[in-house]
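Worksheet for the structure shown next.
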Amino acid sequence: MRIEPFKMERMQSRYENYVDCNLSESGVHPMRVSELLEGDDRRRLFEAELGYSQSNGTEELRGRIAAFYDGAGVENVLVTNGGSEANFAAFWALLEPGDRVAYMLPNYLQTWGLARAFADRTDAFRLVRRRDGGAERWALDVAGLERAVGKRTRIILVTNPNNPTGAVLNEAEMDAVVRAARRVGATIVADEIYRGAEVAGSTTPTFWGRYDRVLITSGLSKAFGLPGLRIGWVVGPPKVVESLWSRRDYTTIAPGVLSDRLARVALEPARREAIFSRTRGIIRANLPVVEQWIRRRGNLLDHVPPQAGAIVFVAYHAGVRSSALAERLRVEHSVLICPGDQFGLDRYIRIGFGSDPEALRRGLQRLEPILDGLKPLRRAAAGPPAGRSRGRSPSRPAAARRPPG
Ligand SMILES: Cc1ncc(COP(=O)(O)O)c(C=O)c1O
């Protein structure tokens with residue numbers, strides 16, 4: 001099996017702790033252990049034995065995760081090390097050579113790499129910028145989705161709320177995904193790790209309960225602001241969950257015992273909602289700072305306001321590739337952002353705005369010398385059309401992504 005480098009994660013792993021300003025992070029400023037634990041809980045943590053924890057997650061933790069999904073029980077839940085292990089286990093268990101994966105772009109491309117390693121092809125469908133009424137939003141290209149789903153499609157992968165755009169699918173779009181999956185008997189893998197981090201309104205609806213072949217992958221790293229716990233999960237039909245669990249016997253075996261314990265605290269329903277309020281508070285305070293900064297550069301930059309997540313996907317109208325731009329920003333000004341081509345859409349950058357406002361302002365200032373020095377191009381329509389391809393790079397236009405032969 002050949003696995004390609006996961007470029008975005010490689011870049012972050014290598015540089016995020018070595019730059020002065022890190023705007024590459026997609027979560028909010030993390031919580032401290034002391035914010036999570038009070039009174040007796042603190043004492044109990046210190047007394048915990050550091051043995052192996054229950055391998056699929058303690059029953060109490062699985063129960064608390066299940067409570068976040070109407071109708072789910074402990075038998076529907078597998079606890080993993082981070083959302084990334086949840087995605088890995090799902091793709092490893094479900095895919096066989098010859099299968100195809102219909103894949104939402106732009107996206108966090110972990111599962112793109114996994115699909116290309118475990119299956120035969122990835123068939124892209126896109127979120128596209130569209131004006132519905134007055135406001136512009138990232139809308140699902142339903143015709144593109146229909147084209148991407150064929151009889152060999154084993155998985156339809158959606159990230160909702162989406163990374164990097166912060167878009168949330170509406171009910172009609174969720175129905176379209178379910179319809180396409182049902183047509184061919186595919187499994188929907190819905191990465192919902194940003195659910196709970198909404199800018200406004202209520203918690204994003206889940207795909208859970210809309211169709212019998214749904215696997216939800218998620219975790220505590222984004223909407224909960226607890227990435228250091230490395231707790232993720234899969235919610236799915238018991239048989240599938242069981243088969244994913246047996247795969248984990250070969251990877252990390254069990255979640256850390258302290259992480260399982262702290263996760264139980266974070267997922268107690270009232271606590272969970274309080275943590276979401278903290279996250280939403282940070283997002284609501286910081287989004288105007290970054291949006292004002294974007295608007296001041298209206299001849300070069302524009303964006304569709306995110307509906308969820310501490311991330312904004314910013315289009316720039318200049319003739320430089322986004323990974324080259326990101327590299328210059330890092331090398332010359334020690335500021336890290338994520339280039340759009342690492343999400344499958346070039347001429348965009350993703351700015352994470354979940355840190356404290358002062359750090360955010362400092363980081364934005366560091367972007368200015370290079371961005372303000374770019375020569376603005378005439379405005380073009382955003383985003384290449386949907387394509388169907390094994391595609392070496394998901395950010396290339398469809399015509400350049402024909403499969404070999
Ligand atoms: C959509 C999505 N899924 C999964 C992950 C990985 O999550 P974790 O850090 O919990 O492994 C990320 C991280 O950025 C993400 O954006």
Side-chain angles (χ1 to χ4, degrees), residues 6-13 15-17 22-28 30-31 57 61 65 78-92 103-115 127 138 155-169 188-197 204 206-207 215-235 248 251-252 255-256 259-260 262-263 266-267 275 279 283 306-313 336-340 342-345 350-355 394:
F6 178 9
K7 286 189 185 151
M8 195 208 88
E9 208 57 53
R10 256 318 51 223
M11 183 198 76
Q12 282 190 292
S13 303
Y15 300 121
E16 67 185 344
N17 295 313
N22 181 17
L23 300 182
S24 74
E25 191 45 67
S26 61
V28 291
M31 292 181 75
L61 176 55
I65 292 166
L78 170 68
V79 177
T80 58
N81 279 277
S84 44
E85 194 184 34
N87 286 332
F88 183 83
F91 273 52
W92 188 22
Y103 202 95
M104 174 189 272
L105 287 179
N107 214 325
Y108 177 71
L109 294 182
Q110 179 204 3
T111 38
W112 177 274
L114 293 177
L127 296 174
W138 287 95
I155 290 178
I156 301 179
L157 183 282
V158 295
T159 298
N160 189 51
N162 177 256
N163 174 13
T165 60
V168 172
L169 297 174
I188 297 171
V189 176
D191 183 334
E192 297 183 349
I193 202 163
Y194 294 91
R195 178 173 178 239
T204 301
T206 174
F207 270 93
L215 284 187
I216 306 298
T217 60
S218 190
L220 296 180
S221 301
K222 308 298 174 185
F224 288 81
L226 295 165
L229 290 184
R230 309 306 304 132
I231 289 287
W233 56 81
V234 178
V235 181
R248 281 197 58 241
T251 56
T252 59
S259 291
D260 187 297
L262 289 163
L267 278 150
I275 292 174
T279 299
I283 289 174
Q307 293 167 276
I311 42 179
V312 57
F313 203 42
L336 197 66
I337 50 108
C338 291
Q342 293 181 358
F343 297 97
L345 189 53
R350 190 193 74 179
I351 298 177
F353 60 83
S355 58

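Ligands are counted one by one from 1 in listed order, and the atoms in each one are counted from 1 as well. By convention here, the first residue in the shown sequence is residue 1. Hydrogens, waters and symmetry mates play no part in the numbers below; they use all other heavy atoms, side chains included. What you are looking at is a predicted structure, and each value in this text was computed from that prediction instead of being measured.
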Under 3.5 Å, N/O to N/O: give me all the pairs between ligand 1 and the protein, one per line with atom names and distance.
| residue | atom | partner | partner atom | Å |
| --- | --- | --- | --- | --- |
| ligand 1 | 3 (N) | D191 | OD2 | 2.6 |
| ligand 1 | 9 (O) | S221 | OG | 3.3 |
| ligand 1 | 9 (O) | R230 | NH1 | 3.0 |
| ligand 1 | 9 (O) | R230 | NH2 | 3.4 |
| ligand 1 | 10 (O) | G83 | N | 2.8 |
| ligand 1 | 10 (O) | S221 | OG | 2.6 |
| ligand 1 | 11 (O) | G83 | N | 3.3 |
| ligand 1 | 11 (O) | S84 | N | 2.9 |
| ligand 1 | 11 (O) | S84 | OG | 2.6 |
| ligand 1 | 11 (O) | R230 | NH2 | 2.9 |
| ligand 1 | 14 (O) | K222 | NZ | 2.9 |
| ligand 1 | 16 (O) | N163 | ND2 | 2.8 |
| ligand 1 | 16 (O) | Y194 | OH | 2.8 |

Exercise. Partners of R248 by salt bridge (charged side-chain N to carboxylate O under 4.0 Å, His left out), sequence neighbours excluded?
Worked result: E85

For this session: For E16 and S24, indicate whether the former's side chain and the latter's backbone hold a donor-acceptor pair under 3.5 Å.
Result: no

For this session: For D191 and L157, indicate whether the former's side chain and the latter's backbone hold a donor-acceptor pair under 3.5 Å.
Result: no

Seminar exercise, completed: Hits for ring pair (Phe, Tyr, Trp, His ring centres under 6.0 Å) against Y15, two or more places apart or cross-chain, chain-then-number order -> none

Please list every donor-acceptor pair under 3.5 Å in which a side-chain atom of residues 220-233 meets a protein atom from a residue at least two apart or in another chain.
| residue | atom | partner | partner atom | Å |
| --- | --- | --- | --- | --- |
| K222 | NZ | S26 | OG | 2.9 |
| R230 | NH1 | P227 | O | 3.2 |
| W233 | NE1 | Y69 | OH | 2.9 |

Exercise. Parallel, tilted or perpendicular: which describes the rings of F6 and Y108, with under 30° parallel and over 60° perpendicular?
Worked result: perpendicular

